[in-house]
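A, B, ... follow the sequence lines: proteins, then strands. Residue 1 opens every chain.
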Amino acid sequence: MVEGNNQNTEEVKKSLNFIEVIVEKDLAEGKNNGKIQTRFPPEPNGYLHIGHAKAICMDFGIAQKYGGVCNLRFDDTNPVKEDVEYVDSIMEDIQWLGYQWGNVYYASDYFQQLWDFAVRLIKDGKAYIDEQSAEEIAKQKGTPTEPGKHSPFRDRPIEESLSLFEKMNTGEIAEGAMVLRAKIDMAASNMHFRDPIIYRVINHPHHRTGTIWKAYPMYDFAHGESDYFEGVTHSICTLEFVVHRPLYDWFIDELKTQRPEDGEYRPHQYEFNRLGLTYTVMSKRKLLQLVQEGLVRGWDDPRMPTICGYRRRGYTPTSIHNFIDKIGYTKYDGTIDVALLEHSIREDLNAKAKRVSAVLDPVKLILTNYPEGQVEMMEAINNPEDESMGSHEIAFSRELFIEREDFMEDAPKKFFRMTPGQEVRLKNAYIVKCTGCKKDENGNISEIYAEYDPATRSGMPESDRKVKGTLHWVSVEHSIPAEVRLYDRLFMVENPGDEKDKDFRELLNPDSLKILTNCRVEKELENVKVLDSFQFQRLGYFNVDPDTTPSKLVFNRTVPLKDSWSKIANK
RNA sequence: UGUCCCAUGGUGUAAUGGUAGCACACCUGAUUUUGGUUCAGCUUGCCUAGGUUCGAAUCCUGGUGGGACAACCA
């Protein structure tokens, strides 16, 4: 490279994803008068999951980056599946991720306009009422390799279709008795062009419009038109809608013939790849099944890949953003290793989380040469990554708890922790040497004995002595009980992507939740707030669960420290 | 015997006709009062066969492989 080009090389140039490239090109060409408008269009039939987070970051991110607006639109065209409960949770999760929509719209806001458009299509001879059963229609549709056949109702008089369409909406027509179909091409290679159904009868109250409507538009008919009514310029969705795009464009063409005043304006659909994560499922249908069958504790169970599940588990909005940023947007359907998600939250929490002491599986350690009744306050750094977070004090005494797995009577060479004759450091306190242990009748360790070296208190010159291991501990007298919930990353024991037809429930890991009730934590944690995150020394990152009551502290493990996972998980 | 989309280390993603780079994962070493963090380093890749070109991951053609489409779901 030529000298003097340092400026460019110093800048961290982040490449654009392919949608951003399109947007920048549209902007450069002055399309839609330079307007950028997107929308996030969930159906309110379930809670948002991490895959939606990817779409949210795209839809809101594009608007934010290019000075446009992103609206929230509930795609509520099927009252049977939808509920206000979901509307509320969706709004909460989007805001938790840090985004704010321009407006909240509902597809149901456009029911009248859609109806009028459908009537016009009938009048133009481009739609007709079909009275066949679902089975008959499916049969005539053909297959991807064989053309379909015309419905016997395809060429019925326009007036007849018009009056039947009216009846579809008055309650006179039973569900399934008739549908409105667009008249396009039964031989089209794209199945969606084979006279798609655009209206059907549903006798179920709608969560917003009640019982006003009986005839409801289908997705393909409602989506593009809703985009159009709102002024969406870039309608971004996932790859499975690629085959719908020609139909999306077809309806918009039809709409535009009646709206010359809109000029060049037209929404375009673009598609990116869905997010697949190892060891979990992402489809709303399956997540709903987990909830309904009681296989998890709810939509916000920390094992769920839902946004609220991750929130409860202790994931931060920042970590989710960083994760989405890392995985990118392409047209290739891959599966992302959950390790990348875990890395993102460790990265964030490492910088932010306060370090505190806890013992998950306590065993008593008695310092035989430490004066009975003596208590010393030890200084504990709150976060070695961030000096400004300061420090707090932790009480030290003759009787302590340490982690059961930190002691071994006959230890292999590589064991750096407590074993008879070996010196270890008690973090923030003294170097101690194990002298032995006591066992109960079953051979289980009940007490461990050690002698401390008074000259090695942290901060004193002797404390510089090299010892291999450093243990976390809490004082028996000065610690408080807590409950800890360990959630395994391997929610599914196999990656469900590998097992095509297998019932995913068979893959559920029965040990995906482990509840530890004997844990002890330092007093510092007495007045912590719900969802606050901590690093329990060497045990990983934890947060305070919303289930916590004044009498019982409950922690969720967000994610273990990097290497200790297998050691702890295998226990 | 269809239409459409896709193919870069183990995983995900850059490079848009000019030295295949980044992150995760893995492994090694150094530092460390967390077996964490940090730092340094190592290993691993353009599906295939042709064509265009001085030059192809990139453009073209044929293969191969994967995915989507046959809901009165979205």
Letter per nucleotide, 5' to 3', of nucleotides 38-46 of chain B [B base touched, S only sugar-phosphate touched, - untouched; heavy atoms, 4.0 Å]: ---------
Contact letters for nucleotides 22-29 of chain B, in which S counts primed atoms plus P, OP1 and OP2 and B counts the base, heavy atoms under 4.0 Å: -SSS----
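Not counting sequence neighbours, the partners of A:Glu403 by the side-chain hydrogen bond (donor to acceptor under 3.5 Å, both in side chains) test are A:His472. Considering only residues two or more places apart in sequence or on other chains, A:Arg154 meets the side-chain hydrogen bond (donor to acceptor under 3.5 Å, both in side chains) condition with A:Asp195. Not counting sequence neighbours, A:Lys214 has no partner by the side-chain hydrogen bond (donor to acceptor under 3.5 Å, both in side chains) test. Applying the ring-ring contact (aromatic ring centres under 6.0 Å, His included) rule to A:Phe272 yields the partners A:Tyr329; only residues at least two apart in sequence or on another chain are considered. Residues that satisfy the side-chain hydrogen bond (donor to acceptor under 3.5 Å, both in side chains) test with A:Lys352, not counting sequence neighbours, are A:Asp348. For A:Tyr47, the ring-ring contact (aromatic ring centres under 6.0 Å, His included) partners are A:Tyr86, A:Trp299, not counting sequence neighbours.
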Every protein N/O within reach of nucleotides 57-63 of chain B N/O, cut-off under 3.5 Å:
none

Output one line per pair: protein atom, nucleotide atom from nucleotides 68-70 of chain B, and distance, for all N/O pairs under 3.5 Å.
unit_1	atom_1	unit_2	atom_2	d
B:rC69	O2'	A:His192	NE2	3.3

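Distance from the side chain of A:Arg538 is smallest to B:rU34 among B:rU34, B:rC5, B:rU1.
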Please, what dot-bracket string fits RNA chain B when only Watson-Crick and G-U pairs with both distances under 3.5 Å count, crossing ones use [ ] and pairs to another strand use |? .((((((..((((....[..))))..((((.......)))).....(((((..]....))))))))))).....
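For residues 323-338 of chain A, the salt bridge (charged side-chain N to carboxylate O under 4.0 Å, His left out) pairs, not counting sequence neighbours, are A:Glu271-A:Lys331, A:Lys326-A:Glu347.
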